[in-house]
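Remember, it's a predicted structure, so these values are computed and weren't measured experimentally. Numbers restart at 1 for each chain; the letters A, B, ... are given by sequence-line order, proteins then strands.
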Number of protein chains: 2
Amino acid sequence: MVEHAQEALFRPVRAGNAFEETVERLMQSIRLGVVAPGERLPSERDLATRLGVSRVTVREAIRSLQENHYVESRRGRYGGTFVREVLPKSAPGKEFGDLHDVLTLRRVLETGAAETAAGRSLGPAERRGLRARLEEASTSALVEYRRKDSRLHLAIAEATGSAALTAAVAESRMRANELLDHIPLLEPNLAHSNAQHERIIASILDGDPAAARRAMAEHLDGTASLLRGFLV
Amino acid sequence: MVEHAQEALFRPVRAGNAFEETVERLMQSIRLGVVAPGERLPSERDLATRLGVSRVTVREAIRSLQENHYVESRRGRYGGTFVREVLPKSAPGKEFGDLHDVLTLRRVLETGAAETAAGRSLGPAERRGLRARLEEASTSALVEYRRKDSRLHLAIAEATGSAALTAAVAESRMRANELLDHIPLLEPNLAHSNAQHERIIASILDGDPAAARRAMAEHLDGTASLLRGFLV
DNA sequence: CTCCAAAGGTATGTCTGCGAGCCATTGGCG
DNA sequence: CGCCAATGGCTCGCAGACATACCTTTGGAG
């Protein structure tokens, strides 16, 4: 029996119970900026269907987010559950997963996504979308930078046309953000980051896969070494 | 709200119930060759702990595998559940997931894994392991080729040192194999495949990331176009 | 030859999560 | 002004999964 591959295949079949997983997903959609502050989440019935859990479980998850001041709910038609304008700082507790693990997977997924996106012929809507996210990220205030940054990176993953790849990037990014929340965000880094973003998007729009990969790799290696520096 | 990213984030939180997921994992460990024919699975109690499910659920999953002639169980000390020497052909039913989806993710993950593995300084044990898997694959009979091939590719993923990446490759590979089971395996393809494997492993052992990526990309693109050809 | 550790086989009570239905609230439309 | 559709709020019974405990079988160690 191949000993080491077992660790991957015989890992736990589920990350947590249905409630915890649901909270995690909703939290991701907020923290990654897929649902922005002030915007409404899909209805409970809708979420229950999409997430494949019961409405009861969705409600418990939403209640948990309410209690932690991430969302607030309003009843009645045109009511719903809305993301609050001011979001609480993420709890600092959490153990760091294996740093190498997280960064390795992120590098593979995101450089691959950039390369793949650059190799496709993108439609006008996709091109506009990428440019819009780039603009958002570059003009965003410090406090909302992480969210806008994630939206840009997710848009790149989406541009590959692979839902599975997009999902993988979203998950890996979430794990990376947990780490990034522990290091300071400085103006110079941000400016540098924006310049790199521009090169990545330009390469993708130009249809230059190799350049897109290189630019993304450089971008990620920057934050990776920042991380390794700050987290011992 | 960013519309398309929702598909990724609001996808179902769990693929199936605990029983189905457990069957899936055990099946993967057999089909990917992590537990070879004649070998013993970990004990029920052990599996229950590792997979994070109850022993009852593990037993139901194993029973299902017994009924489908994948394994047989023996009681008493030094007993256990053993993979049968002759495995049934996989059921042909199954819907094809989105072909583009599966192949895109596989390409990103595996070319990334090859590049990453080549960029690390591997220990003697790892180098021996890679060479052993290569040897196994190249000398394997037609019937067991897919399994040996998967073991080789998993070994490459493991050589990155990232458990998360290994798990992602295992899952993506399983999905790809479901498709590959529907196309014929021919001797010439196999010889070609072995030659490519050799170049991949050589590049990794030589520590040449760019060459490893190129070789892996070529290898995957070969089977990808085979697939696209056969599946409409 | 006996003992016993380790494996599969079985049974039971509890709890989580689900499905389904109904209630309460709200704001636009006719 | 009244209706009503869409939303969140709530309850109850059932099925799946779990933890735990105990039984049975087997073959090596002593």
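Every pair passing salt bridge (Lys or Arg N to Asp or Glu O under 4.0 Å) that includes a residue from residues 141-150 of chain A is listed here, sequence neighbours excluded: Glu144(A)-Arg147(A), Glu144(A)-Lys148(A), Arg146(A)-Asp181(A), Asp149(A)-Arg173(A). Residues in residues 133-171 of chain A take part in these ring pair (Phe, Tyr, Trp, His ring centres under 6.0 Å) pairs, two or more places apart or across chains: His153(A)-His197(A), His153(A)-His219(A). Among residues at least two apart or in separate chains, there is no ring pair (Phe, Tyr, Trp, His ring centres under 6.0 Å) pair with a member in residues 27-53 of chain B.
Every residue meeting the side chain to side chain contact (heavy atoms under 4.5 Å, CB included) condition with Phe82(B), not counting sequence neighbours, appears here in chain and number order: Arg40(B), Arg74(B). Taking Arg75(A) as the reference, nothing meets the side chain to side chain contact (heavy atoms under 4.5 Å, CB included) condition, with sequence neighbours excluded. Listed by chain and residue number, nothing satisfies the side chain to side chain donor-acceptor pair (under 3.5 Å) test with Ser64(B) (two or more places apart in sequence, or in another chain). Scanning for side chain to side chain contact (heavy atoms under 4.5 Å, CB included) contacts around Glu44(B) gives Arg55(B), Val58(B), Arg59(B), Ile62(B), with sequence neighbours left out. By the side chain to side chain donor-acceptor pair (under 3.5 Å) test, Arg131(A) is found to be paired with no residue, residues two or more places apart in sequence or in another chain being considered. Thr22(A) is linked by a side chain to side chain donor-acceptor pair (under 3.5 Å) to nothing, counting only residues two or more places apart in sequence or in another chain.
The side chain of Arg59(B) places an N or O atom within less than 4.0 Å of a non-bridging phosphate oxygen (OP1 or OP2) of dG9(C).
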Apply side chain to side chain donor-acceptor pair (under 3.5 Å) to the pair Thr104(A) and Arg120(B), showing each step before the final yes or no. CA-CA 11 Å; Thr104(A) 301; Arg120(B) 296 185 75 211; over 6 Å; no
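Side-chain atoms of Arg75(B) stay outside donor-acceptor range of the base of dA7(C), with no qualifying N/O pair under 3.5 Å.
Summary of the strand contacts: Gly76(A) and Tyr78(B) both lie near DNA chain C, and taking for each the nucleotide with the nearest heavy atom, the more 5' one is attributed to Tyr78(B).
We find that CG of Leu47(B) is positioned 13 Å from P of dG9(C), with the value rounded to whole Å.
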Can you pull every protein N or O that's under 3.5 Å from an N or O on nucleotides 17-20 of chain C?
unit_1  : atom_1 : unit_2   : atom_2 : d
dG17(C) : OP1    : Ala18(A) : N      : 3.4
dC18(C) : OP2    : Ser54(A) : N      : 3.2
dC18(C) : OP2    : Ser54(A) : OG     : 2.9
dC18(C) : OP2    : Thr57(A) : OG1    : 2.1

What pairs of nitrogen or oxygen atoms, one from the protein and one from nucleotides 2-5 of chain C, lie under 3.5 Å apart?
unit_1 : atom_1 : unit_2   : atom_2 : d
dA5(C) : O4'    : Arg77(B) : NH1    : 3.3

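Think of the region where chain B sits on DNA chain D: with heavy atoms and a 4.0 Å cut, that region ends 5' and 3' at dA17(D) to dG28(D).
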